[in-house]
Amino acid sequence: NPPTSDKKDYRTTVQERISLMSLNQKQRESESVSKQLIHIASEKKYETIVGYGAFDDEVDIGLFLTWCKQNEENISIIPQSTEVFEVPQNALLIVPGRAFTKEGKRIGRGSGYYDKLIEKHNPSYTVGVCFDCQIFDNLPQEKWDKRVNEVVFAGNALE
């Protein structure tokens, strides 16, 4: 299914916003998001935590993944490609994206990769992660778009 032109506009807007962020700002927001993910993962025991390898324009969850390893959590990393990936039962799935609402609507990069992953595997809990500049009040949604259970960004930190 081709993405709607509205979604393309959001992707372009987000790309421009992220390009204006300093490396220091990206690192600060990524650290805040990782700390929130640690809190989420600490609240409930998941058999597997599924993370991702961040592109340069995505939240770096490296601090969270390091915590997972130190706490002997079972971790799987989705490769930076569209290859087939199996999400185990009782998994916490960390989901990047281009744009989010606080209520869990999401726009990805346009391939439908995470929508299909969520549809096929129905993970126990999905958490969208993004920079503050990727949050919108509303986003266009298609019938195949999958929401995430929770959205984490620096601006909603517990601190």
Side-chain angles (χ1 to χ4, degrees), residues 1 3-4 6-11 13-15 17-18 26 29-55 57-65 67-68 73-159:
N1 297 321
T4 63
D6 287 348
K7 287 182 178 180
K8 288 180 186 176
D9 292 342
Y10 279 98
R11 288 183 186 103
T13 298
V14 166
Q15 195 59 46
R17 289 178 179 181
I18 292 173
K26 287 180 187 175
E29 290 193 27
S30 291
E31 184 176 314
S32 174
V33 167
S34 280
K35 287 178 180 178
Q36 292 176 69
L37 291 173
I38 290 167
H39 178 76
I40 291 167
S42 298
E43 288 183 327
K44 183 174 185 260
K45 183 69 178 162
Y46 296 95
E47 287 179 27
T48 305
I49 295 173
V50 181
Y52 64 91
F55 289 110
D57 60 353
E58 291 178 330
V59 171
D60 179 355
I61 60 170
L63 178 69
F64 170 64
L65 296 175
W67 175 87
C68 290
E73 299 286 345
N74 185 21
I75 309 168
S76 292
I77 304 296
I78 294 175
Q80 287 185 342
S81 68
T82 56
E83 66 188 65
V84 175
F85 186 84
E86 297 294 320
V87 177
Q89 293 292 315
N90 191 24
L92 169 63
L93 176 62
I94 311 302
V95 182
R98 303 315 299 150
F100 290 90
T101 66
K102 292 177 183 178
E103 297 75 34
K105 288 183 180 178
R106 175 185 171 278
I107 293 176
R109 292 188 178 267
S111 67
Y113 182 81
Y114 279 90
D115 293 320
K116 294 170 193 161
L117 200 65
I118 293 168
E119 174 74 24
K120 180 179 179 187
H121 298 287
N122 193 23
S124 296
Y125 201 69
T126 54
V127 179
V129 295
C130 64
F131 296 116
D132 289 352
C133 67
Q134 294 174 266
I135 293 290
F136 293 87
D137 290 334
N138 199 12
L139 293 170
Q141 294 283 275
E142 311 292 342
K143 65 179 185 241
W144 55 83
D145 290 327
K146 300 295 175 203
R147 288 181 179 223
V148 292
N149 296 114
E150 183 174 352
V151 178
V152 174
F153 55 102
N156 70 346
L158 306 169
E159 304 162 325

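- For the pair Lys105 and Asp145, the minimum side-chain heavy-atom distance is 4.5 Å or more.
- When every heavy atom of Arg109 is checked against every heavy atom of Phe55, the shortest pair comes out as NH2-CD1, 3.5 Å.
- Taken from CH2 in Trp67 to OG in Ser42, the straight-line distance is 3.5 Å, to the nearest 0.5 Å.
- At a threshold of 4.0 Å, the pair Glu31-Lys26 does not count as salt-bridged, since none of the basic side-chain nitrogens sits closer than that to a carboxylate oxygen.
- Counting only heavy atoms from C-beta outward, the side chains of Pro140 and Tyr10 approach each other to under 4.5 Å.
- Of all heavy-atom pairs spanning Val33 and Cys130, the tightest one is CG2-O, 3.9 Å.
- Among residue pairs with one or both ends in residues 126-140, none qualify as salt bridge (charged side-chain N to carboxylate O under 4.0 Å, His left out); sequence neighbours excluded.
- Within 6.0 Å of CD on Gln89 lie no more than 12 heavy atoms contributed by other residues, nucleotides or ligands.
- The two residues Arg11 and Gly110 come nearest to each other via the heavy atoms NH2-CA, 3.2 Å.
- Residues forming a side chain to side chain contact (heavy atoms under 4.5 Å, CB included) with Asn149 (at least two apart in sequence, or on another chain): Tyr125, Thr126.
- Taking each heavy atom of Gly108 and Arg98 in turn, the nearest pair found is O-CG, 3.0 Å.
- In this structure, NZ on Lys146 lies 9.0 Å from CG on Asn122, to the nearest 0.5 angstrom.
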>> Val95 vs Glu150, test: side-chain contact (heavy atoms from CB on, under 4.5 Å). Steps then yes/no.
In response: CA-CA 10 Å; Val95 182; Glu150 183 174 352; over 6 Å; no

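- Among the candidates Val87, Ile49, Ile75, the single residue satisfying the side chain to side chain contact (heavy atoms under 4.5 Å, CB included) test with Leu92 is Ile49.
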> Can you check salt bridge (Lys or Arg N to Asp or Glu O under 4.0 Å) on Asp57 and Arg17, steps first, answer last?
Replying inline: CA-CA 10 Å; Asp57 60 353; Arg17 289 178 179 181; over 6 Å; no

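- With hydrogens and angles ignored, the 3.5 Å screen pairs no side-chain donor or acceptor of His121 with any backbone N or O of Lys116.
- Between Arg106 and Tyr114 there is a side-chain heavy-atom pair separated by less than 4.5 Å.
- Residues Val59 and Tyr52 form a side-chain contact, since some pair of their non-hydrogen atoms from C-beta on lies under 4.5 Å apart.
- Using a 4.5 Å heavy-atom threshold, the side chains of Ile40 and Ile38 count as separate.
- Distance CD/Gln141 to NZ/Lys7: 6.0 Å, rounded to 0.5 Å.
- Lys102 forms no cation-pi arrangement with Phe100, by the criterion of a distance under 6.0 Å to the ring centre and an angle within 45° of the ring axis.
- Considering CG of Asp9 and OG1 of Thr13, their distance stands at 6.5 Å, rounded to 0.5 Å.
- With rounding to the nearest 0.5 Å, the separation of CG in Asp60 from CZ in Phe131 is 8.0 Å.
- The shortest non-hydrogen separation linking Val151 to Thr101 is CG2-O, 3.2 Å.
- Side-chain contact between Leu93 and Val127 is absent, with no heavy-atom pair separated by less than 4.5 Å.
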> Going through the checks in order, is the side-chain contact (heavy atoms from CB on, under 4.5 Å) test met by Lys35 and His39?
Replying inline: CA-CA 6 Å; Lys35 287 178 180 178; His39 178 76; over 6 Å; no

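- Residues satisfying the side chain to side chain donor-acceptor pair (under 3.5 Å) criterion with Lys120, sequence neighbours excluded, are Glu86.
- Atoms OG and CG, from Ser32 and Asn156 in turn, are 7.5 Å apart once rounded to the nearest 0.5 Å.
- Side chains of Phe153 and Gln134 form no contact here, defined as non-hydrogen atoms less than 4.5 Å apart.
- Nearest heavy atom pair, residue Thr48 against residue Pro88, reads OG1-CG, 3.5 Å.
- The side-chain heavy atoms of Leu65 and Ser34, taken from C-beta on, include no pair separated by under 4.5 Å.
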